[in-house]
Amino acid sequence: MAKIRFPLVQCAFLRTGNFRGNSEAGLEKMMTNPSKAWDGDQVRKWLERRFEASRLDQAAADRRGYEAQDEYDKAAAEEWVCRALKAPDCTNDQAALARRLKDLIGQDEYSVAGINDDARFERHVRAHLRKLAKMTKANTGFEKTLRYQ
């Protein structure tokens, strides 16, 4: 069997030491020297819009019934994350929001009433928290305030 080589991937791996091409030093550098200034008001506006959109998504999934239970849990997870982060003390500073996200990701359980599957809900919460952590590190994506993203 012939061995397939991917020179670009190998070069990126050899340069950075990991497959994705993001070294820890690179992430720290990106967070300490962002290309644009942190805007806490814009982050709060984004969280509020995502909170409202997740409430609408929950209502739509609830009307669709049994086949939309996963969509309901996903929207409930997004609502939970937005509600947990809406406090202005953690959104005013990029480092404070990153610490809060790290604390939330480290939690063992996320309790909420009215969901269909606890394990699926917790998986969706962690996915949303990781997405927000990436957005926070790069300071991008908060300008997108449309409902569907």
> Can you tell which of Lys36, Gln42, Lys45 makes a side chain to side chain donor-acceptor pair (under 3.5 Å) with Glu143?
Replying inline: Lys36

>> Salt bridge check, Arg44 against Asp41: does any charged N sit closer than 4.0 Å to a carboxylate O?
In response: yes

>> Can you give me the closest heavy-atom contact between Glu122 and Asp108, atom names plus distance?
In response: OE1-O, 3.9 Å

> When you check the gap from the basic side-chain N to the acidic O, do Glu78 and Lys74 get nearer than 4.0 Å?
Replying inline: no

>> Please list all pairs meeting ring pair (Phe, Tyr, Trp, His ring centres under 6.0 Å) that have one or both residues in residues 54-77, counting only residues at least two apart or in different chains.
In response: none

>> Please report the interatomic distance CG(Leu101) to CZ(Arg130), rounded to the nearest 0.5 Å.
In response: 12.0 Å

> Is there a side-chain contact between Phe142 and Thr136 (heavy atoms, below 4.5 Å)?
Replying inline: yes

> Got Gln69 and Arg120 here, is their nearest side-chain heavy-atom distance under 4.5 Å?
Replying inline: yes

>> Quick one, Asp70 with Phe121, criterion side chain to side chain contact (heavy atoms under 4.5 Å, CB included). Give me CA distance, side-chain angles, the key distance, then yes/no.
In response: CA-CA 8 Å; Asp70 185 48; Phe121 173 77; over 6 Å; no

> So which heavy atom on Gln107 is nearest to which on Arg126, and how close?
Replying inline: O-NH2, 2.9 Å

>> Can you tell me how far apart SG (Cys82) and CD (Glu48) are? Round to the nearest 0.5 Å.
In response: 8.5 Å

> Measuring from Asn92:CG to Asp39:CG, what's the distance to the nearest 0.5 Å?
Replying inline: 10.0 Å

> Do Leu56 and Glu52 have side-chain heavy atoms sitting under 4.5 Å apart?
Replying inline: no

> Is the shortest heavy-atom distance from the side chain of Leu85 to the side chain of Arg100 under 4.5 Å?
Replying inline: yes

> Asp89 and Ala96: which non-hydrogen atoms are nearest, and at how many Å?
Replying inline: O-CB, 4.2 Å

>> For a 4.5 angstrom cut-off between non-hydrogen side-chain atoms, does Trp38 reach Thr91?
In response: no

>> Is there a side-chain contact between Leu104 and Trp80 in this structure, where contact means two heavy atoms from C-beta onward sitting under 4.5 Å apart?
In response: yes

> To the nearest 0.5 Å, how far apart are CG in Leu129 and NZ in Lys131?
Replying inline: 11.5 Å

> Under 6.0 Å from the NZ atom of Lys102, do we count more than 12 heavy atoms belonging to anything else shown?
Replying inline: no

> Mind checking whether Met135 and Phe51 sit in one hydrophobic cluster, side chains of I, L, V, M, F, W, Y counted as touching below 4.5 Å?
Replying inline: no

> So, for Val81 and His128, which heavy atoms are closest and what is the spacing to 0.1 Å?
Replying inline: CG2-CB, 3.9 Å

> If you measure from CZ on Arg99 to CG on Leu97, what distance do you get to the nearest 0.5 Å?
Replying inline: 10.0 Å

> At their closest point, which heavy atom of Ala75 faces which heavy atom of Asp57, and how far apart are they?
Replying inline: CB-CB, 3.7 Å

> Considering only heavy atoms from C-beta outward, does the side chain of Asp118 approach that of Glu109 to under 4.5 Å?
Replying inline: no

>> Measuring from atom OH of Tyr110 to atom CD1 of Ile105, what distance do you get when rounded to the nearest 0.5 angstrom?
In response: 7.0 Å

